[in-house]
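Before any comments, here is the structure.
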There are 2 protein chains.
Amino acid sequence: MIGKKIKIVLADDEELFRKGIYFLLQREPNIEVIFEAANGNQLMDFLKNNSKHPDIILMDLKMPLLNGVEATKLIAQQFPEIKIIALTSYNTKSFIVNMIEVGASSFLVKNSTPQEMILTINEVINKGFYYNESVMKVLTEVNSSSSQKSILFKQEELTTREREVLELICSQHSTAEIAERLFISPRTVETHRTTLLIKTGSQNIAGLVVYAIQNKIVII
Amino acid sequence: MIGKKIKIVLADDEELFRKGIYFLLQREPNIEVIFEAANGNQLMDFLKNNSKHPDIILMDLKMPLLNGVEATKLIAQQFPEIKIIALTSYNTKSFIVNMIEVGASSFLVKNSTPQEMILTINEVINKGFYYNESVMKVLTEVNSSSSQKSILFKQEELTTREREVLELICSQHSTAEIAERLFISPRTVETHRTTLLIKTGSQNIAGLVVYAIQNKIVII
DNA sequence: AATGGACTACGTATAACTACCTATTTTTAA
DNA sequence: TTAAAAATAGGTAGTTATACGTAGTCCATT
């Protein structure tokens, strides 16, 4: 990487945060921010329409339209050479496991110092990945626990419609309300609910909501 | 304010965000950041122990230990000469109304541009307050609506028993199961459920689960 | 042309939850 | 020690969710 700047794309819905990070990174001579995206769709558009790709994407998880988890999944498939550093406010177990599973190369809580961020970027460039202590701790915990099923056996994917219904359930809408909003029969919504319960392995609404939040289908 | 720098304190639990804003503000010749706090307690300690007070506090709402709303309330009482600009990710009605009620002079979503932030700071210094268009819109909506109760009266705290029931609800237990586990009548559990719905302002289980997760009553 | 997945929809039940009441006992705090 | 809050329990009724079936249509891929 000598004599060649690390190209970075920032993906975060908060402009103030993006600009802040931009000025932080601007002070680094070997780093160049080539694009800023406010959501996953903007990011995907940029990657598709520009031949100049970044080395690293600093990706916030909580973004409108297309969130960070989904965007990471897509990018890991379509542009595997791009390394992704997941940014989030909290480093909960489900966050970390999710992001690593979909292809994130590193994980950075927003409460990190600028030094840690620079270190992470450089480590990812040099080694291809970088997990700090707390992330490693979570990962070893997960691997040594018996609750591996949930993460090792990949969950059945929800369909688009099922996700829509799930989102509305999480917004406290009843079956009738969901049906009205989606212009479909309440019976159809019931079918979707049944499928959701089966696919997510839930007993009732509570399980659905927890699943939706853990899997970032709804962001709270 | 000619020849005198505007003294600012940053209060936000995310160090990356703080540092970013710091560098953004550093480029302004008439602005000086005199302190950074990671939570409300640090902020209050600084104000109590330093004679040099800020003109403005940029206050994030979501902070550990002592959050932005509570901190704002305290500061508005104890140091009324300090102007507070509330920072948040979303400009929901409840956020805005809460912050204005406890004494915030302005309101800035994190998705604002740096220019808007600078403008807001200068307006607050010159006029004492500044509400942008979207905030004004929300405020007029609120004043003209009759649903003021729910936002003017702050929510009641949950009791220990209610929290226990809420946790079990989030674990997908039914009323009967909860009753059995707590050695109480199902009717009592129902009473607790009713109270939970009222206190949390929820319509159904989904709302309860979201509330529980947001308020860290259950950790996922 | 056929297969399979997604989306749609319904029948018939039962289980579970929510609304709106009252009311007693126990615990806590003024 | 007295009032307030919390925890307990019930009546009655209505609404909503879940279980377990079946089945047609659309659409993309084979």
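For the numbers below, each heavy atom of this structure counts, side chains included, while hydrogens, waters and symmetry mates do not. Labels below follow one simple rule: chain letters A, B, ... track the order of the sequence lines, proteins then strands, and each chain is numbered from 1. Treat the numbers as computed from the prediction; the structure is a model and nothing was measured.
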task = Using side-chain hydrogen bond (donor to acceptor under 3.5 Å, both in side chains) as the criterion, list what pairs up with B:Glu15, not counting sequence neighbours.
result = none
key: Rounded interatomic separation in angstrom, taking CZ from B:Arg163 and P from D:dA6   = 12 Å
message = Would you say that A:Leu16 contacts B:Asn111 through its side chain, given a criterion of any heavy-atom pair below 4.5 Å between the two side chains?
response = no
ask   = Rounded to whole angstrom units, what separation is found between the CD atom of B:Glu162 and the P atom of D:dA7?
value = 6 Å
inquiry  = Using a strict threshold of under 4.0 Å (side-chain N to carboxylate O), is an ion pair present between A:Lys199 and A:Glu157?
reply    = no
task = Scan nucleotides 9-16 of chain D nucleotide by nucleotide, 5' to 3', and note B when protein non-hydrogen atoms come under 4.0 Å of the base, S if they reach only the sugar-phosphate, - if neither.
result = BBBB----
ask   = Per the side-chain contact (heavy atoms from CB on, under 4.5 Å) rule, which among B:Leu10, B:Ile82, B:Thr72 passes with B:Ile57?
value = B:Ile82
message = For a 4.0 angstrom threshold against heavy atoms of chain A, report the outermost contacting nucleotides of DNA chain C in 5' to 3' order.
response = C:dA6 to C:dT12
ask   = If only side-chain N and O atoms of B:His192 are considered, is one of them under 4.0 Å from the OP1 or OP2 phosphate oxygen of D:dT8?
value = yes
remark   = B:Ile198 atom CD1 is separated from D:dA5 atom C1', nearest whole Å, by 16 Å
query = Can you name the side-chain hydrogen bond (donor to acceptor under 3.5 Å, both in side chains) partners of B:Thr175, sequence neighbours left out?
reply = B:Arg193
request  = Please state how far atom NE2 in B:His173 lies from atom P in D:dT18, giving the value in whole angstrom units.
outcome  = 16 Å
ask   = Quick one: side-chain hydrogen bond (donor to acceptor under 3.5 Å, both in side chains) partners of B:Thr159, sequence neighbours excluded?
value = B:Glu162
List, one per line, each side-chain donor-acceptor pair under 3.5 Å for residues 43-50 of chain A, sequence neighbours excluded.
residue, atom, partner, partner atom, Å
A:Asn49, ND2, A:Asp45, O, 3.1

request  = Report yes if at least one side-chain N or O of B:Thr159 is closer than 4.0 Å to OP1 or OP2 of D:dA7; otherwise report no.
outcome  = yes
request  = May I ask you to decide whether B:Asp12 forms a salt bridge with B:Lys110, counting only side-chain N to carboxylate O separations under 4.0 Å?
outcome  = yes
